[in-house]
Amino acid sequence: LWQEELLSSLRPASRQLIHHRCGEVLEEESRGTRSAAMVWEAARHFEASGAHRRALTMLEECAQHLLENGMPVEAAETLELAFAASATDEERFRTLSGRITALQGAGHWTQLAPLIEQATTLSDRSEVGRGGHSDLELLRTELLWRVEGDPQGSLDRALLCAFDAAASPRHRVRAALIAAMTSSPLA
């Protein structure tokens with residue numbers, strides 16, 4: 001409480017400088033400990049100092065580390081903070097896509113639908129998602145099966161992608177895999 005009172009009595013430039021220096025110290029400490037909480041705190045200070053890009057970079061690196069070490073839920077939480085620190089649609093799309101991947105890895109399918117719609121909106125507004133078929137389309141198709149319990153709808157959509165010659169080979173193969181999963185009696 002006294003820290004907040006002290007900071008509020010400072011001029012904005014002084015307050016930003018203190019936040020920036022705190023962010024630097026915590027960033028250095030977090031490199032040794034790999035503590036997500038410390039990275040979050042450092043990023044909060046960088047945000048308060050106006051160094052949004054540095055905060056975003058730290059959060060994205062932390063999320064990647066968490067994901068690589070089998071902690072997708074923690075990675076998703078970190079990417080939620082990164083999304084809040086994002087200043088552009090491109091940054092928001094990138095962090096949201098990472099969060100979707102993390103939640104998918106954690107098997108949290110029910111949380112994906114609103115995030116996919118949000119990512120689709122961002123993608124449509126920017127150059128990121130131009131070109132028809134997308135990974136988001138395939139995720140929506142898979143959600144039909146996994147969450148909404150509509151394997152036939154999912155199969156139909158997946159087959160449309162798999163047989164569309166305008167889709168990339170990668171997209172067509174992924175769509176065929178979803179079609180195979182949804183049509184399997186073991187699914």
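Worth saying up front: this structure is predicted, and the values here are computed from it rather than measured.
Checked by atom type and distance alone, the side chain of Ser154 pairs as donor or acceptor with a backbone atom of Thr141 at under 3.5 Å. Checked by atom type and distance alone, the side chain of Arg172 never pairs as donor or acceptor with a backbone atom of Ala167 at under 3.5 Å. Without hydrogens or angle criteria, Thr182 side chain to Ile178 main chain gives a donor-acceptor distance under 3.5 Å.
For the pair Ala85 and Leu59, the tightest heavy-atom approach, listed with the atom from each and the gap, is CB-CD1, 4.4 Å. For Ala55 against Ala43, the heavy-atom pair with the smallest separation is CB-O, 3.4 Å. Residues Gly149 and Pro151 share a closest heavy-atom pair of O-CD, 3.2 Å. Ala175 and Ala162 make their closest contact through CB-N, 3.7 Å (heavy atoms, listed as atom of the first residue, atom of the second, distance). Of all non-hydrogen atoms in Ala75 and Ala63, the two that sit nearest each other are CB-O, 3.5 Å.
Going from atom OG1 of Thr57 over to atom CD of Glu27 covers 9.5 Å, rounded to the nearest 0.5 Å. Rounded to the nearest 0.5 angstrom, Ser123 OG and Glu137 CD are separated by 11.0 Å. The structure places CG of Leu56 at 10.5 Å from CZ of Arg92, a figure rounded to the nearest 0.5 Å. Once rounded to the nearest 0.5 Å, the distance linking CE of Met71 with NE2 of His65 reads 5.5 Å. Here the CG-NE2 distance, from Leu138 to His171, works out to 4.0 Å after rounding to the nearest 0.5 Å. The distance from the CD1 atom of Ile18 to the NE2 atom of His45 is 10.5 Å, given to the nearest 0.5 Å.
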Please step through side-chain contact (heavy atoms from CB on, under 4.5 Å) for the pair Leu159 and Leu155, ending with a clear verdict. CA-CA 6 Å; Leu159 289 174; Leu155 176 62; 3.9 Å; yes
With side-chain hydrogen bond (donor to acceptor under 3.5 Å, both in side chains) as the criterion, how do Gln64 and Glu60 come out once you've worked through the C-alpha distance, each side chain's angles and the decisive distance to 0.1 Å? CA-CA 6 Å; Gln64 186 61 39; Glu60 287 176 323; over 6 Å; no
Begin with the C-alpha distance, continue with both residues' side-chain angles, and end with the deciding distance and a verdict on side-chain contact (heavy atoms from CB on, under 4.5 Å) for Thr95 and Glu91. CA-CA 6 Å; Thr95 57; Glu91 290 171 348; 5.5 Å; no
Passes side-chain contact (heavy atoms from CB on, under 4.5 Å), Arg125 versus Phe93? Steps please. CA-CA 10 Å; Arg125 281 198 320 228; Phe93 180 79; over 6 Å; no
Dump the intermediate steps for salt bridge (Lys or Arg N to Asp or Glu O under 4.0 Å) on Arg31 and Glu61, then the final yes or no. CA-CA 11 Å; Arg31 298 240 183 263; Glu61 288 173 1; 3.6 Å; yes
Could you go step by step and tell me if Thr78 and Met58 meet the side-chain contact (heavy atoms from CB on, under 4.5 Å) rule? CA-CA 10 Å; Thr78 302; Met58 281 191 71; over 6 Å; no
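A heavy-atom distance below 4.5 Å is found between the side chains of Asp135 and Arg174. Contact check for Glu142 versus Met181: side-chain heavy atoms found under the 4.5 Å cut-off. Residues Leu115 and Gln118 are in side-chain contact: their nearest non-hydrogen atoms beyond the backbone lie under 4.5 Å apart. Considering only heavy atoms from C-beta on, Ser168 stays 4.5 Å or farther from His133 through its side chain. With contacts defined as side-chain heavy-atom distances shorter than 4.5 Å, the pair Leu112/His108 does not qualify.
Under a hydrophobic clustering in which Ile, Leu, Val, Met, Phe, Trp and Tyr are joined whenever their side-chain heavy atoms come within less than 4.5 Å, directly or via other members, Leu96 and Trp109 fall into the same cluster. A continuous path of Ile, Leu, Val, Met, Phe, Trp and Tyr side chains, each step under 4.5 Å between heavy atoms, connects Leu136 with Leu122, placing both in one hydrophobic cluster. Hydrophobic clustering, with ILVMFWY side chains joined whenever heavy atoms are under 4.5 angstrom apart, groups Val39 together with Leu81. Under a hydrophobic clustering in which Ile, Leu, Val, Met, Phe, Trp and Tyr are joined whenever their side-chain heavy atoms come within less than 4.5 Å, directly or via other members, Leu103 and Ile100 fall into the same cluster. Criterion: ILVMFWY side-chain heavy atoms under 4.5 Å apart, direct or through other members. Under it, Leu79 and Leu66 are not part of a common hydrophobic cluster.
Glu28 CD: 12 or fewer foreign heavy atoms inside a 6.0 Å radius.
His20 and Phe46 have perpendicular rings, their planes meeting at more than 60° on a 0 to 90° scale where under 30° would count as parallel.
Of the residues listed (His19, Arg54, His52), the one engaging Glu47 in a side chain to side chain contact (heavy atoms under 4.5 Å, CB included) is His52, and it is the only one.
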